[in-house]
Amino acid sequence: MRILLTAAFVAVSLISAAGAVADEPTVIKFSHVVAENTPKGLMAQRFQELVAEKTDAEIEVEVYPNSQLFGDDKVLEAMLLGDVQMAAPALSKFSRYTDVLALYDLPFLFEDLDAVDRFQQSEEGQAMLNAVADKGLIGLGYLHNGMKQLSASKPLRVPEDAEGLKFRIMSSDVLEAQFEVLNAAPLKKPFSEVFTLLQTKAIDGQENTWSNIYSKKFFEVQPYITESNHGLLDYMVVTSKEFWSRLTDEQRTEVKAALDEALAYGNQIARDKAIEDKEKIAESGRTEIIELTPEQRAQWVEAMRPVWRQFEDDIGAERIEAAYRSNDD
Ligand code: SIN
């Protein structure tokens with residue numbers, strides 16, 4: 001009798017376990033490194049809501065902000081290993097996988113986000129989403145953060161002011177060259193380490209957007225910020241081919257539609273935050289915001305422009321030309 005009851009119990013347990021497995025949602029772990037109240041953080045939350053709505057919770061997005069799960073130096077490897085399904089690293093962080101996305105790091109290439117939009121929506125810009133396809137990664141779309149500013153422990157008005165200073169940079173050879181032409185010392189470091197490096201004065205400065213400088217409190221440990229708008233910080237949302245191919249056609253369509261809507265939302269936030277977060281930093285009184293005169297700005301352009309030539313072969317001269325032409329509206 002006891003044997004019969006045990007067998008029945010085991011059978012019931014197996015059936016309910018199988019049922020639970022069948023009902024389990026497909027999980028997309030979305031890992032990123034910035035704070036939640038940023039263009040990428042808010043875009044990821046919107047994406048989470050939209051995917052739940054559009055797939056009737058068949059697919060669940062779990063968002064991991066602030067490098068909780070992976071730093072940007074590890075996330076692409078983790079994606080290829082199947083430990084994370086989506087991420088949106090800065091375009092500068094794809095340098096181990098492709099040369100062409102380094103285009104977006106060239107200093108003073110884009111005048112503003114309208115020019116960036118024109119290029120990214122062009123045939124050439126869209127084709128660049130496939131730049132890492134041969135590495136098993138699919139680019140699903142671009143997201144803005146915004147134009148970068150220079151912060152430092154001393155006022156930077158002309159390029160010579162940066163000489164000899166140590167700047168943290170993202171893992172990009174173009175960004176390294178950009179500081180080397182100024183005779184400064186660039187250091188590739190993960191985003192999660194920047195605040196401490198600045199606070200302990202292990203480095204003198206860094207480059208970032210208003211939203212990152214505000215949300216990570218860099219302005220509290222940097223007495224000067226030069227409004228240089230010298231470069232772009234944008235993202236590419238990526239997934240792995242392996243994960244994408246496991247979704248049904250219908251799921252892929254819904255997830256892509258959710259992402260496109262979330263990206264449009266995030267891109268608007270990027271524009272708003274560039275204004276709002278700059279104002280909040282100015283109001284804090286913790287740092288001085290330096291505006292460049294047209295003559296000073298021209299000196300920075302002249303000092304950094306030789307970097308374009310250095311990377312022309314890797315990126316492609318025609319691609320650089322096409323991106324530069326997007327400044328003409
Ligand atoms: C990010 O915005 O995702 C990080 C940027 C950085 O590493 O400076």
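Just so you know, ligand 1 is whichever comes first in the structure, and atom 1 is the first atom listed for that ligand.
Shown here are the side-chain contact (heavy atoms from CB on, under 4.5 Å) partners of K135, two or more places apart in sequence or in another chain: Y97. With sequence neighbours excluded, no residue satisfies ring pair (Phe, Tyr, Trp, His ring centres under 6.0 Å) with F94. By the salt bridge (charged side-chain N to carboxylate O under 4.0 Å, His left out) test, E193 pairs with no residue at all, sequence neighbours left out.
Heavy-atom contacts from other residues, nucleotides or ligands closer than 6.0 Å to CD of E302 number 12 or fewer.
For the pair K40 and Y235, the distance from NZ or CZ to the six-membered ring centre is under 6.0 Å and the angle to the ring normal is within 45 degrees.
When heavy-atom distances to ligand 1 are checked against 4.0 Å, the residues falling inside are V33, V34, K40, D72, K93, R168, M170, F191, N208, N212, L233, Y235, ordered by chain and number.
The residues E288 and R157 are annotated as salt-bridged, a charged nitrogen and a carboxylate oxygen being separated by less than 4.0 angstrom.
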